[in-house]
Each structure stands twice: as structure tokens, then as C-alpha cells.
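Presented below is the structure to which this report refers.
The analysis underlying the following values was restricted to heavy atoms, covering all of them including side chains, and did not include hydrogens, waters or symmetry mates.
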Amino acid sequence: MPFSPLRAELEELEAAGLARRRRVLESPQGARVVVEGRQCLAFCSNDYLGLANHPELIAAVQAGVARFGVGAGASHLITGHHAEHHGLEQALAEFVGMPRALLFSTGYMANLGVVSALTGRGAEVFGDRLNHASLNDAAIMSRASLVRYPHLDLEALENRLAKSRAKRRLVITDAVFSMDGDMAPLPELAALCERHGAWLLVDDAHGFGVLGEDGRGSLSHFRLRSPRIIYMGTLGKAAGVFGAFVAGAGDLVEYLCQRARTYVYTTATPPFLAHALRRSLDLVRSEAWRRARLRELIARLKSDLEVLPWKLLPSETPIQPLLIGESREAVRASDALRGRGILVPAIRPPTVPRGAARLRISLSADHTREDVEALVSALRAIA
Ligand SMILES: *Cc1c(COP(=O)(O)O)cnc(C)c1O
């Protein structure tokens, strides 16, 4: 027998309909993609503004590579911190209205870095049950104790905060929930944190670039400011490139720069990415028509899908989940759409709760009204 102790578990995943398969993309990201030799209409990326293949960003990357080379060569605290990173941090802080910002390689690493730097044994972390996996992992890695409260349940959270004896308390939440598209009540959460002496980490992976004035994100959407807020935005979704940042009070950001292990012990991202991201930030701000187009497409999809037996979850964001229920049925619906040349992923447990499998439709400013009509008629045909 060959040595393969994981075979049985893989077969179990397969049998339960939970095995996942990567589809190989052969074109740039966009509303229309080529997947395994076939042209498809795609509703599955987080490239909400359609910037991932923007000609000006392609040009910025090319110019950046020519000027700054390919690699950063070292971590930020050694010799990897380039003027392009520095300028981008200042631009990001100014954009989201915070005193200071710090770049991280990815949102996943930013969450791990923040939570483990600020907490640890003896601290208590409070997280929404539907938070992104990276926030849960961050809390587990930090060795703090993790309290998961029911989705959006402020009363449950307040009860747990009131009972807490921990010296350091941190509430962590998605601003826009990645598989549901709904929003956390950030002003109420900030007020609770104020009352109970806790920090609030806001993960705005799906709000940055999309929500608020000029796309400044969820805090701007709520016109919210608080010295207790630690803001995390990602740069590989609406911003179209790659990376992430954390913004907040000056001391907080300096502390993270000294202590966040996923910042200190890793190579800086290539400076040409920071160069392109500065251009991306200009586009996010100036091409407001992209957010207007998104709002129009969201409204159209919601009204056109009202007649379907499957219901959209309540969401005002480009993430529009169509609740199906059973994993197998969600996969069948996704396969049927793919048969018609339309890509919409089926999201299954453990990413979402059992019995809540869904089609996660995500819209982009790259889509046209006709694209949304094509999706709607395909869904009507297969429902
Ligand atoms: C995508 C995502 C992340 C991770 O960001 P990456 O830059 O892709 O690592 C973190 N939190 C949420 C809510 C996300 O959706």
C-alpha cells in the first residue's frame, strides 16, 4: 500500500459533496473570463469596481517595475520599506480619515498581526459568528479567549462584555459580511466598545472602495470616527491590485509596526505594487461612475429576482447571496448556470452554516445591464 493517510478524509469530502475544485482562469479578471477554454460571464470576483484589468493600473505596474524593480528584497524594518510604500501609507491614512496607516501583505496577515499584537493570554476577543475565517483564526492564534456572539446581536455582545474580567478586550467584526453582504451596525458597536473599554477591529475587505463618500469605506458610510477603532482595508478586492492596510491612532499604528509579527517577520510587498496602488486610489476616488453603476445593477438584480422561489438575502452591497439551503442543490444550480456559460459559485459549509448553502452572486462595475438580465433569465430557467 502507498503511504496516504489522508485518502479516507479526502474521499469523505468527495462523498459529502464538499470537495472543492479550482477552475483554471486563462484571461484577465473581468465580467467576461475564459475558464478552461470557455468564455463565461462571471459573477464571482471581488473586483467590485472592475479595476483589476484597468489600463492605467497595468501602465502603473509597468512603469513601477521599470523604476523600482521586481522585489522588495527585505522586510519593512530592515531595508524593504520603500518611498512608494511610505507614500501609499500616507495616502491611505488620509483617504480613510485616520492619523496613520500601515501596509500588510494581505488582509489575512493584517488580521493575524493586529489581533495577536493587541491581545494574548488573559485577553478576551469577541467576534460575530459570521466573521471571516481570518478573524477567527487570528483570535485562535493570539491565545486570547474567543467569545463568538450571534450574528449582529448587540444585546448578546453587551452581556458578554459586561461579564468580562479581562484587562484587554477586543471586538472584531466584518464591516460587510463576506458571504451575506449585510453590514455590521458599526456606530452601535463603537458605542458598546466605548462603554466597556474595548477596542473595535473593523474588517472592511468588502466596503473599502465601494461604500462611503468617494469609496472611503464603511466608516465613511456611517460617518463614524472613534479612537477605539482599528480599521483594516484590503487592496486586492475593490482596489483591484493586492495587499492590505491597517489604519488607526498614531500610537496604535506605531505599536503594530513594532509588534505585529505578520508585519515584522515577512518580506515587504514589491514597491511596484505600492506604486500601482497609489494610482488605484486615485481611480477609486475619481471614477465615481463605477459606484453609481454598481448601485444601479444591485437595484436591478434585486427587483428582477423577486419572482424566484429562492430568495436573495437582505443586502445593499455588491454581494447578493441567493439562499438555496442544501449543499447539493446549490452545487446543482451552480453547475446548471455554468452549463449556460454563467459562473456563480455555490458556497457551502463550513464557509456558511449548515443548511444555508447559497449562490454567492457578486456584481462588478464591469457588468452591464444586459449581463444582469442574462443572469436573471438563466436563474428563472433553472429554478
Ligand atoms: C478577503 C477577506 C480577507 C482577506 O484579505 P486578503 O487580502 O485576501 O488576504 C479578510 N477579511 C475579509 C472579510 C475578507 O473577505
Side-chain angles (χ1 to χ4, degrees), residues 22-35 39-61 92 95 105-108 132 134 174-179 181 203-212 214-218 232-245 269 272-274 276-298 300-301 315-321 337 341-345 347 359-372 374-375:
R22 301 172 302 170
R23 305 208 178 277
V24 181
L25 194 74
E26 291 149 2
S27 66
Q29 193 54 259
R32 270 167 205 74
V33 292
V34 178
V35 175
Q39 267 268 356
C40 296
L41 178 57
F43 292 91
C44 38
S45 88
N46 303 311
D47 178 27
Y48 303 119
L49 298 181
L51 296 181
N53 192 34
H54 194 296
E56 289 188 39
L57 292 187
I58 295 170
V61 166
L92 286 166
F95 189 59
S105 300
T106 69
Y108 196 120
H132 190 259
S134 61
D174 285 19
V176 174
F177 288 86
S178 54
M179 296 301 140
D203 176 337
D204 205 21
H206 301 279
F208 181 77
V210 174
L211 300 174
D214 297 335
R216 290 167 205 268
S218 297
M232 198 288 287
T234 64
L235 303 169
K237 290 174 179 165
V241 187
F242 186 75
F245 69 100
T269 51
F272 74 79
L273 287 181
L277 278 161
R278 292 173 80 175
R279 189 75 200 97
S280 161
L281 207 52
D282 294 339
L283 293 172
V284 166
R285 209 186 317 233
S286 62
E287 298 197 342
W289 65 265
R290 294 178 182 274
R291 279 179 293 280
R293 161 82 67 82
L294 263 180
R295 280 194 295 276
E296 183 202 324
L297 297 178
I298 293 166
R300 174 165 291 254
L301 181 77
S315 157
E316 300 302 321
T317 68
I319 303 169
Q320 292 289 323
L337 287 173
I342 298 180
L343 293 184
V344 182
I347 309 288
L359 292 177
R360 181 183 184 270
I361 300 167
S362 64
L363 294 170
S364 157
D366 229 16
H367 288 122
T368 62
R369 213 174 290 167
E370 291 70 36
D371 292 339
V372 171
L375 171 64

Please confirm whether the backbone N or O of [Y] pairs with a side-chain atom of [X], one donor and one acceptor, at under 3.5 Å?
X: Arg290; Y: Leu49; value: yes
X: His206; Y: Ala238; value: no
X: Thr234; Y: Gly236; value: no
X: Ser362; Y: Ser45; value: yes
X: Thr317; Y: Gly181; value: yes
X: Asp214; Y: Arg216; value: no
X: Arg291; Y: Gly209; value: yes
X: Ser280; Y: Ala276; value: no
X: Gln29; Y: Asn53; value: no
X: Ser218; Y: Asp204; value: no

Taking all non-hydrogen atoms of both residues, which atom of [X] and which atom of [Y] are closest, and how far apart?
X: Trp289; Y: Ala365; answer: CZ3-O, 4.4 Å
X: Leu57; Y: Ala239; answer: CD1-O, 4.1 Å
X: Asp203; Y: Ser134; answer: OD2-OG, 4.3 Å
X: Val33; Y: Ser27; answer: CA-OG, 3.3 Å
X: Asp47; Y: Leu51; answer: OD1-N, 3.0 Å
X: Ala31; Y: His367; answer: CB-CD2, 3.5 Å

Output all residues satisfying side chain to side chain contact (heavy atoms under 4.5 Å, CB included) with Ala274, sequence neighbours left out; order by chain, then residue number. Glu84, His85, Leu88
Mind checking what makes side chain to side chain contact (heavy atoms under 4.5 Å, CB included) contact with Glu56, not counting sequence neighbours?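 Scan of Glu56 (side chain to side chain contact (heavy atoms under 4.5 Å, CB included), adjacent residues dropped) gives His54, Arg279, Leu283.
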Is the Phe95-Phe245 ring centre distance short of 6.0 angstrom? no
Under the criterion side chain to side chain contact (heavy atoms under 4.5 Å, CB included), which of Leu92, Val241, Thr106 is the partner of Leu235? Leu92
I need the [X] [atom1] to [Y] [atom2] distance, nearest 0.5 Å.
X: Ile298; Y: Ile361; atom1: CD1; atom2: CD1; answer: 11.5 Å
X: Ile319; Y: Arg360; atom1: CD1; atom2: CZ; answer: 4.5 Å
X: Leu343; Y: Leu25; atom1: CG; atom2: CG; answer: 9.0 Å
X: Phe43; Y: Leu301; atom1: CZ; atom2: CG; answer: 8.0 Å
X: Glu316; Y: Arg295; atom1: CD; atom2: CZ; answer: 11.5 Å
X: Leu297; Y: Thr368; atom1: CG; atom2: OG1; answer: 7.5 Å

Give a yes or no on this: more than 12 heavy atoms of other residues, nucleotides or ligands lie within 6.0 Å of atom CZ of Arg369.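 Atom CZ in Arg369 is not crowded, with 12 or fewer foreign heavy atoms closer than 6.0 Å.
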Kindly check if the number of other-residue, nucleotide or ligand heavy atoms within 6.0 Å of CD (Glu287) is above 12? yes
Hey, are the side chains of Val210 and Pro318 touching, using non-hydrogen atoms and a 4.5 Å cut-off?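 Answer yes - side chains close enough.
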Restricting to ring pair (Phe, Tyr, Trp, His ring centres under 6.0 Å), what partner residues turn up for Phe177, sequence neighbours left out? His151
